Structure formats: structure tokens, C-alpha cells
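Because the structure is a prediction, the values reported are computed rather than measured. Numbers restart at 1 for each chain; the letters A, B, ... are given by sequence-line order, proteins then strands.
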There are 2 protein chains.
Amino acid sequence: MSKIKATKNNSTTDVICKSAAQLFRTNGFKNSSMRMLAQSLGVEAPSLYNHIGSKSEMLQHICTKVANDFGAHMVSLEEEELTAVAKIEKIIRFHVKMMLKHFDEVYVANHDWRYLDAADLTAFLQQRKAYETAMVQIVKNGIHNKEIANIHPQIVVLTILSALRGLEFWEKYKQHLHTKTLENNIVQLLLKGIKL
Amino acid sequence: MSKIKATKNNSTTDVICKSAAQLFRTNGFKNSSMRMLAQSLGVEAPSLYNHIGSKSEMLQHICTKVANDFGAHMVSLEEEELTAVAKIEKIIRFHVKMMLKHFDEVYVANHDWRYLDAADLTAFLQQRKAYETAMVQIVKNGIHNKEIANIHPQIVVLTILSALRGLEFWEKYKQHLHTKTLENNIVQLLLKGIKL
DNA sequence: CCTACCGATCGGTAGG
DNA sequence: CCTACCGATCGGTAGG
């Protein structure tokens, strides 16, 4: 008897993980209990274990999904023939899109990855490192091509990624700011900052 | 009999809070126990309560200190006669200095403020909002004076503050990057991004 | 400063 | 899907 409804595109497990992401985002992973998650889904806590293996498995599921999405975009970008600045612009716009579409999951991946189990933690950090390295390479090429100012590439990348992480604060401004305005303004600010 | 040593400038309570900040930064507030804190100080957990009132009181102490430091700097800045861009530059350099000098405390204030008790949480968020508002005002003045490009002021401020928050990731690069290079590069990138 | 200990809450299992 | 329940861990107190 399923009280938790699966939909055409989402299994029962997916529905639970979606609820979990929202809960973790609001309360933090460690401050979210399985009893709270169960209540939000209208069942008792032990019933959840018919669909998921453990609390940390849900966290792993969320973090892996996010890391894979970003990683896949970076790989597809590496195959494109674009200037370095155009690639950075695409990365910025992708981050905005991800944040709007999968806000809870991206937020959780950014905040609670440190609670991943040892093996998953290593894999996650490796993926993140690879993402950073790929971006550093793009910036290096841009400096070499005289597209980008001669700022330390590592600093350029960390500054841009940190600025984009700040998208998580923009939820509360959604009513006042149009999404496209937001996106175009941040692209303008960051690209002008790095251009030669 | 004090096992925890007070120094000339720091009371026993300060020494405990400093240790707590380090612990909270490493493990997160909710994942740090009073038993862990006691162990790092070489005493048993109940002994801590001779010097501090509660776990959340220490968090409040840390967050309040950080918020006050940033707030005081902003107030002193408002009294100075400087261009808008020069004020933004001073803010950026102050953030870098704070992050280097009080890394644990700033990190904890940025991450774990949501675990503050209701009253302290309200006060903290009010201080942060006031800080943001003051910065938005500086940017508005800069746009009006044709110093700063016509980007939405709220977006400028959130982007800069988010980028500066990313300073917390720079610890691991300390060996490879000189502090002043780091500071000058981020100033260059962000200021060029906003200048007209 | 310590030992002893309390009530609350946690993730998860047994069994149906 | 539920009820009943376990062992572990938590923040904090009592009493000396």
C-alpha cells in the first residue's frame, strides 16, 4: 500500500529524496531527522526504510546527482569551439540555471557534502577538484590568448565560483528581480572583471 | 584549580570559545559535542559549565563578535570622505584581513548562524541586513556619481560579498599564494567588474 | 575540577 | 505500511 505517490517520471525513492533535499536545505543535514522527513511525507519513520537504505544514502544520492550534472556540462563544454570568455559565460549561465531548477539539491551539495561517508566524500571532492581544474585551464588559455587579464587563474576561478555560490541568497529577492536581469548582470560584472 | 590556562589578554572563557570556534569550523556546530570540546581542552565535559553557560551561548558569542567587528568597520567607513569605489576597496581588503585573522570565527558565523537561538538569530540577521543596506547605499552613490556601472546595486553587493565569502576556501592554497597577491588580485577583479 | 547520571532524541531493526 | 523497541549519543545537572 503506497502512501507516498510515485509519478510518471519519479519513483517513490525519487519523491522521498526530493523531500529530503528540501528538508536538508531548510534545517541542515545533521539537524534533520528521519522522523521529520517521515512526517512531511505522511508516514512513520520506519516505513521510509522500505524505499531507501539509510539517511546518508539519500545525501549521497543528492550530492552525486549535482556533481554529475555539473561535470557533464563541463565535459560537453570542453568539446565546443569557443573563446575562453564565451566558455566562462556559458559556465556562469549554467550555474544560474541549475540553481533555479534544482535549488534544494545544489544548496545541499554545497553545504552538507562534508557529512558524506568516507568513500563518497573522496569521490565528491575529486569531482569538484576536476571541475575546478578544467575551469582553471580555460582561464589559462584565455590569458595566453590575451582574452583575459593576467590575474592568477586559481583566484579567478575561486572568485567566480564563490560569487555564483551566492546565488543561493537570491531566492528571497526573486519577487523583486527578474531572473534574466539577474543572470545578465552577474555575467556582465564577472566577465568585465576578468577581461583584458 | 584551573587546567585551562587564561592568558594576559584572554579569560578562561575566551580560551574555551576559541577552541569551540575551531571545533565548530571543522565539524560544524551540530556535529560538535561538548565532550569533543572538553577533550580538546583536556578536561571532562561537565567542567566546561563552570566557565560557559551553554553550547549555544558560545555560538552566540562567536557570531556576535564577528557581526560587531564588521559592523564597526562599516560605521567608521561611513564617516570617511572617500569615493564609492575607494570605499568598496576598503571593504574588500577588510574582509580579507578578517578572514586571515579570525578564520574560525568568521567561518562559523557564515555557516552556523542558523543554529542561533530565536532572539540572537533575529539580532544577527538584522545586523547583516544593515551591513548589506549600507553597502547598497555606497554602490547607489557610486552609480549616481558615474563611478560605477549601472548594474542593479543589490546584485553588485551580493556578488561581491559572495565572492569574499569564498575566501574560506583559500586556506588550502596558502602555501602557493602570497596573501598580498591574493588580496590585490581579488580587488582588481571585483573593482574592474563594477567600474564604469 | 571530577564522577555519576538524567531525560530527550537520534538512526535503524524486528516482526507482522 | 505499522507498532514496539534498541543501543548510542546528546546537552546539561547534582553533588561533592
Correct closest heavy-atom pair for A:Asn185 and B:His152 would be OD1-N, 3.5 Å

So which protein nitrogen or oxygen atoms get under 3.5 Å of nucleotides 6-8 of chain D's nitrogens or oxygens?
none

Can you list every pair that meets side-chain hydrogen bond (donor to acceptor under 3.5 Å, both in side chains) and has a residue in residues 98-108 of chain A, with sequence neighbours left out? A:Lys18-A:Glu105, A:Arg25-A:Asp104

Between protein and nucleotides 14-16 of chain C, what N or O pairs are separated by less than 3.5 Å?
none

A cation-pi test, strictly: NZ or CZ of B:Lys30 under 6.0 Å from the centre of the six-membered ring of A:Phe29 and no more than 45 degrees from its axis. Yes or no? no

Look at the aromatic rings of A:Phe124 and A:Trp113 and report parallel, tilted or perpendicular, splitting at 30° and 60°. parallel

d([atom1], [X]; [atom2], [N]) in whole Å:
| X | N | atom1 | atom2 | result |
| --- | --- | --- | --- | --- |
| B:Phe24 | D:dG11 | CZ | C1' | 12 Å |
| A:Met34 | C:dC10 | CE | P | 12 Å |
| B:Lys30 | D:dT9 | NZ | C1' | 13 Å |
| B:Glu44 | C:dA4 | CD | P | 11 Å |
| B:Met36 | D:dG11 | CE | C1' | 14 Å |

Ring pair (Phe, Tyr, Trp, His ring centres under 6.0 Å) partners of B:Phe94, counting only residues at least two apart: B:Phe70, B:His73

Annotated structure of DNA chain D as dot-bracket, pair cut-off 3.5 Å, Watson-Crick or G-U only, | for inter-strand, is ||||||||||||||||

Which residues within residues 53-62 of chain A lie with some heavy atom under 4.0 Å of an atom in DNA chain C? A:Ser54, A:Lys55

Using a cut-off of less than 4.0 Å, is there contact between a side-chain N or O of B:Ser33 and OP1 or OP2 of D:dC10? yes

May I ask you to verify if any side-chain N or O of A:Lys3 is less than 4.0 angstrom from the OP1 or OP2 atom of D:dC2? yes

If you assign B:Val43 and A:Phe29 each to the DNA chain C nucleotide with the nearest heavy atom, which residue ends up on the more 5' nucleotide? B:Val43

B:Asn141 versus B:Gln137, side-chain donor and acceptor atoms under 3.5 Å: yes

